[in-house]
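Everything on this sheet refers to the single structure shown next.
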Number of protein chains: 2
Amino acid sequence: MAEELFTTNGYASTSLDAIVAGAQVTKGALYHHFSGKQALFEAVFERVEADASKRIQKSLRGHQDPWEKARAGLRAFLGVVQEPGYRRIVIQEGPSVLGYERYREQEERSTFANVLEIVRAVLSAGPWELDEAMLQTFARIFFGAMSTAGESVSSAEDPIAAATRVETAIGFILAGFQALADAGVELPAGE
Amino acid sequence: MAEELFTTNGYASTSLDAIVAGAQVTKGALYHHFSGKQALFEAVFERVEADASKRIQKSLRGHQDPWEKARAGLRAFLGVVQEPGYRRIVIQEGPSVLGYERYREQEERSTFANVLEIVRAVLSAGPWELDEAMLQTFARIFFGAMSTAGESVSSAEDPIAAATRVETAIGFILAGFQALADAGVELPAGE
DNA sequence: TACGGCGACGTACCGACGGTATGCAAAGCG
DNA sequence: CGCTTTGCATACCGTCGGTACGTCGCCGTA
C-alpha cells in the first residue's frame with residue numbers, strides 16, 4: 001500500500017515502481033486511476049485526514065460543556081498527531097508536496113474544521129464579540145500550536161510525559177481565557 | 001543564486017543544472033563544495049535562519065519589560081515569517097527536506113532559541129515554578145502557533161490586517177497569562 | 001453471432017535529473 | 001624544478017516520473 005511507503009520512506013524516496021510492486025499492479029493501472037504521483041499522494045492524504053477527522057469528532061460527542069469539549073478534542077488531536085502516518089503525510093510533507101494552498105484547502109474541511117468548531121464553542125462562552133476572521137485566527141493559532149506540539153511529543157524520548165506537558169500548557173492557556181472571561185476583560189483592540 | 005530558485009520553485013522543482021547555470025559555475029564545482037543537493041539546501045537553510053534570528057534579536061534589544069519584549073519579538077517574528085524565503089525554505093520545506101530531526105536541531109539554535117528566550121522571560125515574570133521541560137513545551141507551542149499564523153498571514157488577501165489579528169490573538173493569550181499571574185493562579189498539575 | 005467501439009489495464013520507452021568518475025590546470029611546497 | 005594537492009570542468013550512468021501505444025475483454029447493435 002502506498003500509505004505505508006509514503007509514511008516510512010517519505011514522498012520523494014518512494015518510487016512509483018515500489019508502489020506498484022507493493023500493490024500488485026502495474027504503472028499503467030496506476031496512471032489509469034491517478035493523474036500522477038502527486039495525485040496519488042493527495043488521495044492518500046485525504047484518506048488519512050478523513051480518518052483523523054472522524055476520530056476527533058467521535059471524541060467530541062458526549063461533551064456539552066465547551067471547556068470539556070476542548071479538553072477532549074485536544075486529547076484526541078494529540079493522539080492523532082502522534083501517529084506516524086498523520087505526522088509524516090499530513091504535517092510534515094503535506095505542505096511541501098501539495099503546496100500550501102492545496103494543503104490548506106484540504107485541512108480546511110477536515111481536521112482544521114474540528115479545531116475551528118472547538119475554538120468557536122470555547123470563545124462563544126466568553127463575553128467577547130468576535131467576528132469570523134478573528135475566530136479563524138484563533139483557530140489557526142491553536143491548530144499550529146497543537147500540530148507543532150504533536151511533532152515534538154511524538155519525537156520526545158518520553159512521549160506520554162511530553163503529551164501531558166502539552167495538555168498542561170494548553171490547559172493553562174485556556175485557564176487564562178477563563179480568567180479573562182470571569183474578569184470581564186475585553187478583547188484588546190487591534191491597532 | 002540557489003536561494004531564489006529554492007524560494008520560487010521549491011526544492012524538488014529546482015534542478016542542480018538550473019542552480020549551477022544561475023550561479024555561473026559547473027556541477028563539478030558545486031559538488032566540490034557541497035556533498036549533494038540536500039547539503040546545499042541545508043546551507044541555504046542555515047543562512048536564511050541566521051538572518052531571521054539576527055533580525056529578531058535586534059528587535060529585542062531596547063526592551064527591558066518582558067511583556068514589551070514579547071510583543072516586539074512577536075512583531076519581528078511575524079515580519080520574518082512573511083518573507084517568501086523564510087516561509088518556503090524554513091517553514092514549508094525545511095521539515096520534509098531535512099527531516100524533522102535535523103530541522104529541529106537547526107531551529108533549536110536560532111529562531112526557536114529566540115522564542116524560548118522570550119517565553120522564559122515572560123513566564124519568569126509570573127509566580128509559577130516551571131522546569132526546563134515545561135518552558136520548552138510552552139516555547140514549542142508558541143513557536144508552532146506563530147509559524148502557522150505567519151503562513152496564514154502571508155497568504156491572506158490582506159496580510160496587514162491578518163497580522164494585526166494575529167497580534168491581537170497572541171496578545172489576548174498573553175493577557176490571560178497576566179490575569180492568571182495577578183490572580184496568583186497555580187499551574188494546573190499534569191495528571 | 002459477427003463486429004465495432006470503448007474502457008481497463010500492461011509494456012516498452014523517453015527525457016530529465018541527481019550523482020559520480022575522471023581529467024586537468026594552477027597553486028603550494030620541498 | 002618536480003611532485004603533490006586543491007579546485008574545478010566534463011562526460012557519463014542509473015533511476016525515476018511520465019507517456020505512447022498495444023492488447024484484452026466486455027457490451028451494445030445489427
Side-chain angles (χ1 to χ4, degrees), chain A residues 1-49 84-85 87-103 105-106, chain B residues 1-49 84-85 87-103 105-106:
Chain A
M1 185 63 80
E3 183 175 332
E4 276 105 45
L5 290 172
F6 281 145
T7 299
T8 57
N9 303 343
Y11 179 79
S13 300
T14 300
S15 74
L16 287 184
D17 288 336
I19 292 173
V20 299
Q24 308 269 35
V25 292
T26 62
K27 256 205 289 203
L30 196 157
Y31 269 86
H32 182 73
H33 293 291
F34 304 96
S35 65
K37 193 186 181 183
Q38 180 167 334
L40 170 63
F41 179 85
E42 197 159 341
V44 173
F45 181 98
E46 288 186 35
R47 264 199 20 189
V48 175
E49 258 291 44
R87 288 179 58 200
R88 188 88 186 226
I89 293 172
V90 176
I91 298 183
Q92 264 189 37
E93 307 215 307
S96 82
V97 173
L98 301 182
Y100 181 66
E101 275 312 314
R102 289 200 69 75
Y103 169 79
E105 287 168 22
Q106 299 292 343
Chain B
M1 185 63 80
E3 183 176 332
E4 276 105 47
L5 291 172
F6 281 145
T7 300
T8 57
N9 303 343
Y11 178 79
S13 299
T14 300
S15 74
L16 288 184
D17 288 338
I19 293 173
V20 300
Q24 308 269 33
V25 292
T26 63
K27 257 207 289 202
L30 195 158
Y31 270 85
H32 183 74
H33 292 292
F34 304 96
S35 64
K37 193 185 182 185
Q38 179 168 335
L40 170 63
F41 178 85
E42 196 159 342
V44 172
F45 181 97
E46 289 187 35
R47 264 198 21 188
V48 174
E49 259 289 44
R87 288 179 56 200
R88 189 89 186 226
I89 293 172
V90 176
I91 298 182
Q92 266 190 33
E93 307 215 307
S96 81
V97 173
L98 300 182
Y100 182 68
E101 276 311 316
R102 289 199 69 74
Y103 169 78
E105 287 169 21
Q106 299 292 343

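- Applying the ring-ring contact (aromatic ring centres under 6.0 Å, His included) test to Tyr100(A) and every residue at least two apart in sequence or in another chain returns nothing.
- Remark: Thr7(B) pairs with no residue by the side chain to side chain donor-acceptor pair (under 3.5 Å) rule, at least two apart or across chains.
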What does nucleotides 18-25 of chain C look like as a protein-contact string, B for base, S for sugar-phosphate only, - for none, at under 4.0 angstrom between heavy atoms?
BBB-----
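- Side-chain contact check for Phe45(A) versus Glu93(A): every heavy-atom pair is 4.5 Å or farther apart.
- For the pair His32(B) NE2 and dA26(C) C1', the interatomic distance rounds to 13 Å; values are reported in whole Å.
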In residues 12-34 of chain A, what donor-acceptor pairs under 3.5 Å come from side-chain atoms, sequence neighbours left out?
unit_1, atom_1, unit_2, atom_2, d
Thr14(A), OG1, Leu5(A), O, 3.2
Thr14(A), OG1, Gly10(A), O, 2.6
Ser15(A), OG, Ala18(A), N, 3.0

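- Across Tyr103(B) and Leu98(B), no two heavy atoms sit closer than the pair N-CB, 4.0 Å.
- Sorted by first and then second residue, the salt bridge (Lys or Arg N to Asp or Glu O under 4.0 Å) pairs involving residues 2-12 of chain B (not counting sequence neighbours) are Glu3(B)-Arg47(B).
- Take Glu105(B) and apply the side-chain contact (heavy atoms from CB on, under 4.5 Å) test, not counting sequence neighbours, and it matches Arg102(B).
- We find the NZ-CZ distance between Lys37(A) and Phe6(A) to be 6.0 Å, quoted to the nearest 0.5 Å.
- Heavy-atom contacts of chain A under 4.0 Å fall on DNA chain D between two terminal nucleotides, which in 5' to 3' order are dC16(D) to dT19(D).
- Residues of residues 93-102 of chain A that place a heavy atom closer than 4.0 Å to DNA chain C do not occur.
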Where do N or O atoms of nucleotides 27-29 of chain C meet protein N or O atoms at under 3.5 Å, pair by pair?
none

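- To the nearest 0.5 Å, atoms OH (Tyr11(A)) and CZ (Arg88(A)) are separated by 13.5 Å.
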